[in-house]
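Step one of this worksheet: look at the structure below.
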Amino acid sequence: MTEQELQRRESLSKLREMGIDPYPAEMYEVTAFAQDIVTQYQEEILEDGAKNRLNFQSVSLAGRIMANREAGKALFLNLQDSSGRIQLYLRRDDFMQGEEAPLFDIAIKKLLDLGDYVGVKGFAFKTKTGEVSVHVQEFQFLAKSLRPLPVVKKDAEGNIYDAFTDPEQRYRMRYVDLTVNTGFRDIFIKRTKLIKTMRAYLDELGLLEVETPILQPIHGGAAARPFKTHHNTLDMTLYLRIANELYLKRLIVAGFDGVYEFAKMFRNEGMDRTHNPEFTALEFYVAYKDYNWMMDVTEQMLERVARAIHANGESTAEVGGNVINFAGPYRRLTMFDAIQEYTGINVETADESELRDYCKKEHIEIDNSMGKAKLIDEIFGEKVEKHLIQPTFLIDYPVEMSPLTKKHRSKPGLVERFELFVNGKEVANAYSELNDPIDQRERFEDQLRLAARGDEEAMAMDEDFIRALEYGMPPTAGIGFGIDRLAMMFTGQTSIQEVLFFPQMRPEVAE
RNA sequence: GAUCUCGUAGCUCAGUCGGUAGAGCACUUGACUUUUAAUCAAGGAGUCAUGGGUUCGAGUCCCAUCGAGAUCACCA
């Protein structure tokens, strides 16, 4: 233990010796928040020069002590609660009556540490330097802090000193990060607002919020490697879901007109600043609709989210120097037109060898197993994706890449699918859902052939899902959003770790 | 997975050419009854990420390992 930790444990036992409980069980009544007092406190100067205080004359607040300035027999503390900070003013005279005398000199002045949770009662006033403060009349320990917090200081110009900046420590000890770097709380508040706004919108559309299994015997619905686990009683292998799509569609089969789920997904793949092993997706499916309808809905929903998140109701967000406008309508561009626009290649007429030559010329990595569809996907990823800054629907994909998507109503070889790109990154994936059970079985069989050739991410056959489709699924539009990536866009963050409270980390070396 | 950078006091960081470890804040003691990055005086605090190697001598040079960040690859 460090010197400071030992000192704090010493303070703790001294408090107990004085009969003060450092961790009282009783609830503490809070009647005011720091920020409200600071912004709403008012006083008037009377004719005789006296001050007439107009509000907050009897308040009770609670929080953490974040600064301590002793001034002789007075004491100035900064108290931080969920709303912000306020200065506390304590005078020994207020605590000197009779047997309470030691409380001030010993318990408060000596045994109070930065980071302690306390409750105070008193009245608001303005110090002679003009700071709204609380003159404390009653003081109580609520929870002793045994470890020193990083002390971040700010001067009058707003310059920050000794900020707690080490990303490793910030992510490992988010409780410390959010205590001393309170500005980061706003990211998470906005993240929640994003989800609540989407939920409200979907509820208005009349969709039903549902929950589907996280532990799945067959990992379907996406192309990704799963986490594998084992159920002891059933003695069977289960997978943490990589997607919930096939379950949500079973519910459309069941007769719900629309269902949605905010779902944690788990993918056993690399980690970087846009990938965490577990992440959140919103998926929703609506019967009797198609992907054109879904594009309209997406525009409306994202515009509403943008306006809800920004205090001024703006529909724009700034990410990495780009100002992105989420007000619809968004550009709708076919994948083939997009490639034509950014590379000059006519994918429709080009054959596989032409595409191969282009990739070699442009140093795009390919291998011999790739067919035309895969080559198109590679070219798109290398040459087009990064240009799609403003929200853009990329539509009509080759059928080979989309085993769960309905064939295009008029374009042979394509499917009715779109992905939404914002700031050069994919944030949503949607399609007119494949509801022809015979076609679906053939698509799964194609996937099995890919798996046999060594494609680790090919989908497995899901006989029960086929059975569900055989009973009949109405024409349906479905979509999945990457909530973490959306949260990044709406909060201007470039790392997924900044929008997750507890990003995955390698194990810490024991203290 | 590859490459590069980083890891020194609770926090933020210095540490020269290899010569037994420094600052500010925080902490301890004292002074000060309207201070506010409070101030003033004195003091304490370190397995220099871990393990090896070179050397008379390693925070510093070399190797390995662990952790983090960035870039790339992979992955919707």
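All heavy atoms count here, side chains included; hydrogens, waters and symmetry mates do not. Here the structure is a predicted model, which is why all the values come from computation and not from measurement. All chains are named by letter (A, B, ...) in the order of the sequence lines, taking the proteins before the strands, and each is independently numbered beginning at 1.
Across all strands, Gln497(A) comes closer than 4.0 Å only to sugar-phosphate atoms, never to a base (heavy-atom distances). Here Phe125(A) lies in heavy-atom contact (under 4.0 Å) with a base. The residue Arg225(A) sits apart from the nucleic acid: no heavy atom pair falls under 4.0 Å. Across all strands shown, Phe164(A) has heavy atoms under 4.0 Å from sugar-phosphate atoms exclusively, and none from any base. Lys154(A) comes within 4.0 angstrom of sugar-phosphate atoms only, judged by non-hydrogen atoms across all strands, and of no base. Heavy atoms of Asn159(A) sit nowhere under 4.0 angstrom from any nucleic acid atom. Within the nucleic acid shown, Ala163(A) comes within 4.0 Å of sugar-phosphate atoms alone, with no base atom in reach, counting heavy atoms only. Note on Asn429(A): a base of the nucleic acid sits closer than 4.0 angstrom, heavy atoms only.
Straight-line distance from the CG atom of Asn68(A) to the P atom of C25(B): 15 Å, rounded to whole Å. One interatomic measurement links the two molecules: OH of Tyr161(A) to C1' of G24(B), which rounds to 11 Å at whole-angstrom precision. Taking atom CD1 on Ile242(A) and atom P on C75(B), their separation rounds to 14 Å, with Å as the unit. Note: CE (Met173(A)) to P (C11(B)) measures 7 Å, nearest angstrom.
Residue-to-nucleotide proximity on RNA chain B shows that, of Asp162(A) and Ser11(A), the 5′-proximal contact is made by Asp162(A).
How far OG1 of Thr405(A) is from OH of Tyr397(A): 10.0 Å, rounded to the nearest 0.5 Å.
A salt bridge is absent between Lys406(A) and Glu433(A); no separation between the charged side-chain nitrogens and carboxylate oxygens falls under 4.0 Å.
Applying the 4.0 Å criterion to OP1 and OP2 of A26(B), one finds that Lys153(A) has a side-chain N or O inside that range. Between Arg172(A) and G67(B) there is no side-chain N or O to OP1 or OP2 distance below 4.0 Å. When the side-chain nitrogen and oxygen atoms of Arg506(A) are compared with OP1 and OP2 of A68(B), one or more of them lie within a distance under 4.0 Å. Remark: Gln169(A) is in phosphate contact with C11(B), judged by side-chain N or O atoms under 4.0 Å from OP1 or OP2. The side chain of Lys73(A) places no N or O atom within less than 4.0 Å of a non-bridging phosphate oxygen (OP1 or OP2) of A31(B).
Rounded to the nearest Å, the gap between the C1' atom of G22(B) and that of U3(B) is 34 Å. Using atom P as the reference point in both C6(B) and A49(B), the two lie 13 Å apart (nearest Å).
A stacked arrangement is not assigned to Phe76(A) and the six-membered base ring of A38(B), the conditions of a centre distance below 5.5 Å and an interplanar angle below 30° not being jointly met.
You'll find that the side chain of Arg91(A) is closest to U33(B), out of A70(B), U29(B), U33(B).
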